[in-house]
Amino acid sequence: MARIFCIANQKGGVGKTTTAINLAAGIAAHQQRVLLVDLDPQGNGTMGSGIDKRALTTSVYQVLLGMTDVATARQHAEHGGYDVLGANRELAGAEVELVELEHRETRLKVALDVVSDQYEFILIDCPPSLSLLTLNGLCAAHGVIIPMQCEYFALEGLADLVNTIQRVAAHLNPDLRIIGLLRVMFDPRMTLQQQVSEQLEAKFGDKVFSTIIPRNVRLAEAPSYGLPGVAYDRASKGAQAYIAFGAEMIERVSTL
Ligand code: ATP
Ligand code: MG
């Protein structure tokens, strides 16, 4: 049975997709079987894994609507060493179409159950919203990983996300918990970032992952080559941090 985690934060551009791709590759580098589910119509997780979103014949969209299954729709991300259930803009329509359907918030969960024993980890890259798509991710998952930048407004909006997670845990998915906050795009030369980072540790204790992902241009360049940063330049500080984060997740999961 796979352990299933959402990478979520309704704030845009905080490093969710970069985390999803590189954690998938980072865990795969530790010889674990990983499925990355792209749950964002932007399809960045798909493209960044080296799979052309415009060429998808089946995607997570058809899976959510019950038109195909995960085993048919998934593809292999060769360089990352993990499988991908891809997404493209078609998925934007699912939001509306799902509303009409029964059990609309548990459709991803039901679909993933079928392949769960084929993976150690399933990672879900959520869109920057608390939409029905994100809700499907939260209902399917055992836990949530929240990437955040250490800036002044970092905690803004976190309360909404925590609230949503608590409501989902209370009503729809009792398994769901916050696994941890991941500090990303970190620049140690910035005093403010240091201060916010310390505040996070003081407030959230061991819910803050000890691995910190630095701001690193190699991570930002990698998607334009269709490669996870971990495969693009394995020796870079960013890649090394995600490989370390992969190890931290494997360790943390063993204690859950
Ligand atoms: P969205 O909310 O639109 O889905 P996101 O939260 O998934 O965005 P990303 O797409 O992962 O965020 O990252 C936003 C931008 O920041 C991208 O251009 C990405 O390449 C860059 N980026 C992410 N992490 C890092 C990092 N550690 N160092 C440098 N650049 C980074
Ligand atoms: Mg994204």
Side-chain angles (χ1 to χ4, degrees), residues 5-26 36-51 53 59-60 77 80 84-89 91-92 94-95 123-138 141 144-151 153-158 160-161 164 180-190 193-194 196-197 209 211-246 248:
F5 301 106
C6 276
I7 324 291
N9 189 332
Q10 80 275 28
K11 252 187 160 173
V14 294
K16 292 179 290 294
T17 300
T18 304
T19 297
I21 291 172
N22 285 290
L23 180 59
L36 172 64
V37 179
D38 188 353
L39 205 49
D40 186 343
Q42 295 181 97
N44 295 343
T46 305
M47 294 297 278
S49 299
I51 294 163
K53 65 180 177 185
S59 68
V60 69
V84 179
L85 179 56
N88 55 29
R89 48 195 298 224
L91 183 59
E95 194 74 39
L123 304 176
I124 304 170
D125 183 22
C126 289
S129 64
L130 296 173
S131 59
L132 189 49
L133 288 173
T134 298
L135 197 56
N136 261 272
L138 294 176
V144 186
I145 297 166
I146 306 175
M148 54 194 306
Q149 288 174 256
C150 292
E151 18 177 74
F153 289 120
L155 295 176
E156 241 167 71
L158 191 59
D160 291 337
L161 179 57
T164 302
L181 302 176
L182 177 68
R183 291 163 285 184
V184 299
M185 298 190 225
F186 191 75
D187 183 350
R189 293 165 302 181
M190 307 266 284
Q193 293 208 8
Q194 287 281 9
V196 173
S197 173
F209 289 109
T211 308
I212 298 180
I213 310 297
R215 183 172 284 283
N216 181 254
V217 69
R218 306 299 270 171
L219 290 174
E221 287 168 2
S224 62
Y225 298 91
L227 291 170
V230 164
Y232 171 61
D233 183 357
R234 201 185 167 85
S236 67
K237 285 212 165 91
Q240 288 296 312
Y242 273 114
I243 291 171
F245 181 49
E248 185 176 359

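Just so you know, ligand 1 is whichever comes first in the structure, and atom 1 is the first atom listed for that ligand.
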Ligand 1 contact by [X], heavy-atom criterion under 4.0 angstrom:
X	result
N216	yes
V14	yes
G13	yes
A241	no

With a 4.5 Å limit on heavy-atom distance, are the side chains of [X] and [Y] in contact?
X	Y	value
T19	F245	yes
I21	L36	yes
M148	V14	no
T18	V184	no

Between D38 and T46, is there a side-chain donor-acceptor contact under 3.5 Å, judged purely by atom types and distance? yes
Between the side chains of T211 and Y242, is a donor N or O closer than 3.5 angstrom to an acceptor N or O? no
Do side-chain atoms of [X] reach the backbone of [Y] as a donor and acceptor pair under 3.5 angstrom?
X	Y	value
K16	N9	yes
Q42	P127	no
E151	Q193	no
N22	V230	yes
N88	K53	yes
R215	P188	no

Could you check [atom] against the protein and tell me its nearest heavy-atom contact, residue, atom and distance included?
atom	result
atom 26 (C) of ligand 1	M185 CG, 3.6 Å
atom 5 (P) of ligand 1	K16 N, 3.4 Å
atom 4 (O) of ligand 1	Q42 NE2, 3.3 Å
atom 30 (N) of ligand 1	A220 CB, 3.7 Å
atom 27 (N) of ligand 1	P214 O, 2.9 Å

Within-cut-off N or O pair, [X] and ligand 1, under 3.5 Å:
X	result
L219	no
P128	no
G15	yes
V217	no
T19	no

Quick one: which ligand 1 atoms are inside 4.0 Å of a heavy atom on D40? 4 (O)
Here the atoms of ligand 1 under 4.0 Å from any heavy atom belonging to G12 are 2 (O)
The Mg ion (ligand 2) reached by Q42 (N, O or S, under 2.8 Å): no
Could you tell me whether N44 approaches ligand 1 through its side chain, its backbone, both or neither, with non-hydrogen atoms closer than 4.0 Å? neither
P147 contact mode with ligand 1 (heavy-atom cut-off under 4.0 Å): neither
With the threshold set strictly below 4.0 angstrom, can you tell me whether any protein non-hydrogen atom sits that near atom 15 (C) of ligand 1? no
Selected option - heavy-atom contact closest to atom 19 (C) of ligand 1, from I21, T18, T17, N9: T18
For the residue pair E221 and Y232, what are the closest heavy atoms and their distance? OE1-OH, 2.8 Å
